[in-house]
Amino acid sequence: MTAETPHPAEGRRLGPIDRADFITVRLPFVAPFGTSIHTWSVKEALLLRLESGGVVGWGECVADPDPFYASETTTSAAHILRAFLLPCLAADQSLGELLHRIRPVRGNRMAKATLENALLDLLAKREEIPLHALLGFPARPIPSGISLGIQEAIPALLEGVEEAVAKGYHRVKMKIMKGKDVAWVAAVRERFPNLPLMADANGDYRLEDAEHLLKLDAFNLMMIEQPLSYTDIAQHAHLQRRMATPLCLDESIHDLDDALSAVELGACRIINIKQGRVGGLLESLRIASACAERGIHVWSGGMDETGIGRAFNIHLQTAPDFTLPGDTSETSRYFKEDIVAPPVTLDARGFIAVPPGPGIGVTVREDLLEKATLHRERVI
Ligand SMILES: [Mg+2]
């Protein structure tokens, strides 16, 4: 697909939505996940459940309850969905018409992605085809990637990398922050000289730190993700001109226009596409395709999703324009008990199988959902 042509899925008729529910779930993480901005010890997610003619579609909002990774929160997303997005649903419209109707709502892309995800799952299930087929791609084994949070000390980080390598992960991402950067990357690189390794700063540095960041060029990193501010593009372009290591933008990219600006300015050579951050799967495909045309690699980032959001990310990565391993790792790294079956696992070569079956291909386990539910509200 190109940026100009609508995706074929946009032509599908939505039909009547008989019922919509918000379900807020809370799942404790197996271990806290630390970044330069915040440490999360539980996953709290807003789920959207849509029902139409006995078929159920699921969407997961990737926003956290707090505004530390992004400005949207589960509460703000629920408000935008309830007051502005769900009222645009009509039985006699296509998906493309709905997406056009919600365009006047600025920003709030996590809320928009939640609705788009649920509708795509519903449409695929209605046609009894897997989501990747609705998106237009055959299934393929998805290379796994792992994101290791900030640790207390270097030995704990090395232990985490060791485990990831033993498991067969195709690349390892380590979070860095001021004071836990050059020496930490050096320690990992020394122990694992050939490991596909990258670092993610979640915007912890400023352009004045360029001299310090340049030291990371010594470690043959695949990329450094979002070193500078979450709102910036231009300063990343200045930094990229000085650094040999490719920069990758995450937080700065909210849609196709941001991606095109970043690429045109030379602010990065790689983009982390989080489908929930950019408004959904279809915008993700547009960004991936535009990047491929310009020789820019992209990969699918994660937001520590439950099995629902994780399944969307897996289906998205069947698109051949996703050229690098993403953040999708095994469920057991995050949760002792998820709300879906089957969990994500790696095969002996570190690949993830696309769940077969209609829609996202995983089943929401009502018993586990019930256990994890904090709040449930019928909105249609
Ligand atoms: Mg990131």
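Only this structure's heavy atoms are used, side chains among them; waters, hydrogens and symmetry mates stay out. Counting starts at 1 for both ligands and their atoms, in listed order.
- Ion pair Lys178/Asp209 flagged as a salt bridge, since at least one NZ, NE, NH1 or NH2 atom sits closer than 4.0 Å to an Asp/Glu carboxylate oxygen.
- For the side chain to side chain donor-acceptor pair (under 3.5 Å) criterion with Lys175, the lone passing option out of Thr35, Asp200, Asp204 is Asp200.
- Side-chain contact check for Val298 versus Asn272: every heavy-atom pair is 4.5 Å or farther apart.
- A side-chain donor-acceptor contact under 3.5 Å links Thr323 and His297.
- When the Mg ion (ligand 1) is compared with the N/O/S atoms of Asp250, atom OD2 turns out nearest.
- Nearest N/O/S atom of Glu225 with respect to the Mg ion (ligand 1) is recorded as OE2.
- Closest N/O/S atom of Asp200 to the Mg ion (ligand 1): OD2.
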